[in-house]
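Worksheet for the structure shown next.
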Amino acid sequence: MTVPDPISDRLNGSLPITSAAEAAATIADDATVLTSGFGSVGYPKAVPLALAESNRDLALTLVSSGTAGEEIEVDLVEAGALDRRFAFQSSAVAKRASNDRSIAFSDRHVSGIGDEVQFGRLADPDVAVVEAVAVGEDWFVPSTSLGQTPAFVEATPELVIEVNHAQPLELAAIHDVYRPGAPPDRGPIPVESAGDRVGESVVRFDPETLRAVVETDRPDSTYTLREPTAVDQAIAANLRDFLAAEIERSPAFTDALHLQFGVGSVGNALMGAIGDLDVGDRELVYFGEVVQDGLLDLLDAGHLSAASATSLALTEDGQQRLFADIERYAEDIVLRPTDVSNHPGLIDRFGVVGINSAVEVDLFGNVNSTHIESTRVVRGVGGSGDFFRNALVSVCALPSKLSGKNVSRVVPMTFHVDHTEHDVDVFVTEQGVADVRGLAPVERAERIVEQCAHPDYKPELREYLEEVTQQHGHAPLDIERAADWQS
Ligand SMILES: CC(=O)SCCNC(=O)CCNC(=O)[C@H](O)C(C)(C)COP(=O)(O)OP(=O)(O)OC[C@H]1O[C@@H](n2cnc3c(N)ncnc32)[C@H](O)[C@@H]1OP(=O)(O)O
């Protein structure tokens, strides 16, 4: 079916329209359900809520590429409907269920989940439930995120589409759905500059798979972010100083600087603060995964020439701001499927400077992005590994100390490693910048302590380092003493 241009109707052609309860009733109690949704937006709402309210004895496996919102992260979890969950989660109840292991949560790099579902053994899908702003007989326009939706739609035997009247139809202008094809014939992705559009504004599907179309008007349960603190601002100032020197130093940044910022309050504060970076004649480009409010500020101020991402992970205010002027924002923002937005080859092609936060870092430069006290999961690795591993310059930016608590975020050794010492180049806290490129493990440790640790913990970390460096070994450790820092 040809896609109308412009798309003026939400429901196009002959469609199996049903209620959310009817659609939910077709999903087996132990089904594997793939959903759209990333950054708390663009996820299906009515069908998950109908499942949560069904009083059935559900034991679902749920696969979303990023955070889904309340109806999934809270309602389905509280209903005890989920047995297994991939690949990112975020609410307090979802966290609790992962940590008491009542839900088997498996945390995966978000760039690879589409392939893992389509070609790997991550899950054997029964149904995909996705949110759209408009639907035809073999296409739909996604809403506020793309995530791995196109790959999920290709993999699923059955498809349920929620058409959400609360999401503006104009979102069609923002999407660029390019499909990389299946290995071994997967060719190079033809995105030559971060703002290029190389696909369509719609996701195509096999009409044989379409089981139900459900209408809803439930809004996204958007992210809430804390206001930037003085510590966030000091991290941002140190990051700016580092970047200002780096773009003068490296020939890779002569013409353009491509940045990525991770999700969360710190990432959002850093995005917003980059407007004060003087990049001279260079183009400033965002090539990342989430558009947070701080990025809208940069776009509004005319600092960015393009922004490529997979989700409009905005707060409610940010979403209203974008919805009020989508067509203008769509001139600069391109949403891509996550297997394109986070593609290692594209991160490498553009020489991205990746800036992600962490729970804690250790003296040798290993990064724990996901587990408090190395045991309790916070959210998930998300796209941090995609960028830490493949960025030209990988920056880990975090407060040196947990706010209001006696906890150092620079520790002798982290027992949960998401990103190894080989993948991170620079550490930034409100205390300073530790550029550890080219340094041996003990040199890295000295620099991280001196430049990044909080003064409350520096003497103890220095003492620890002095003691372990009496021992033989390339990366000396005192495991028992290091373990004391984990509680
Ligand atoms: C969608 C994407 O994947 S974008 C690409 C990047 N993705 C990622 O980096 C995913 C992994 N990273 C993250 O989830 C975040 O960056 C985090 C959790 C590491 C930091 O989150 P932020 O919101 O920036 O910082 P913040 O300092 O507020 O920490 C978040 C929570 O973790 C807690 N926390 C963080 N570090 C510690 C620590 N060392 N000990 C105890 N608690 C900690 C905070 O207290 C806070 O808890 P709260 O939500 O109950 O207040």
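Numbers here simply count residues along the sequence, with the first being 1. Just follow the structure's listing: the first ligand is 1, and inside any ligand the first atom is 1.
- E450 pairs by the salt bridge (charged side-chain N to carboxylate O under 4.0 Å, His left out) definition with R462, not counting sequence neighbours.
- Checking E316 against Y223 by side-chain atom types alone, no donor-acceptor pair falls below 3.5 Å.
- Under the 3.5 Å distance criterion, with hydrogens and angles disregarded, no donor-acceptor pair is assigned to the side chains of E430 and N238.
- Qualifying ring pair (Phe, Tyr, Trp, His ring centres under 6.0 Å) partners for F388, counting only residues two or more places apart in sequence or in other chains: H419.
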For ligand 1, what N or O to protein N or O distances fall under 3.5 Å?
from	atom 1	to	atom 2	distance (Å)
ligand 1	3 (O)	E289	OE2	2.8
ligand 1	3 (O)	G383	N	2.9
ligand 1	14 (O)	R379	NH1	3.2
ligand 1	21 (O)	R379	NH1	3.4
ligand 1	23 (O)	S265	N	3.1
ligand 1	23 (O)	R379	NH2	3.4
ligand 1	24 (O)	S265	N	3.4
ligand 1	24 (O)	V266	N	3.1
ligand 1	27 (O)	R409	NH1	3.1
ligand 1	28 (O)	R226	NH2	3.4
ligand 1	36 (N)	R409	NH2	3.3
ligand 1	39 (N)	V359	O	3.1

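- Applying the ring-ring contact (aromatic ring centres under 6.0 Å, His included) test to pairs two or more places apart or on separate chains, none has a residue in residues 60-80.
- Of the listed residues (E73, E131, E70), just one forms a salt bridge (charged side-chain N to carboxylate O under 4.0 Å, His left out) with K45, and that residue is E131.
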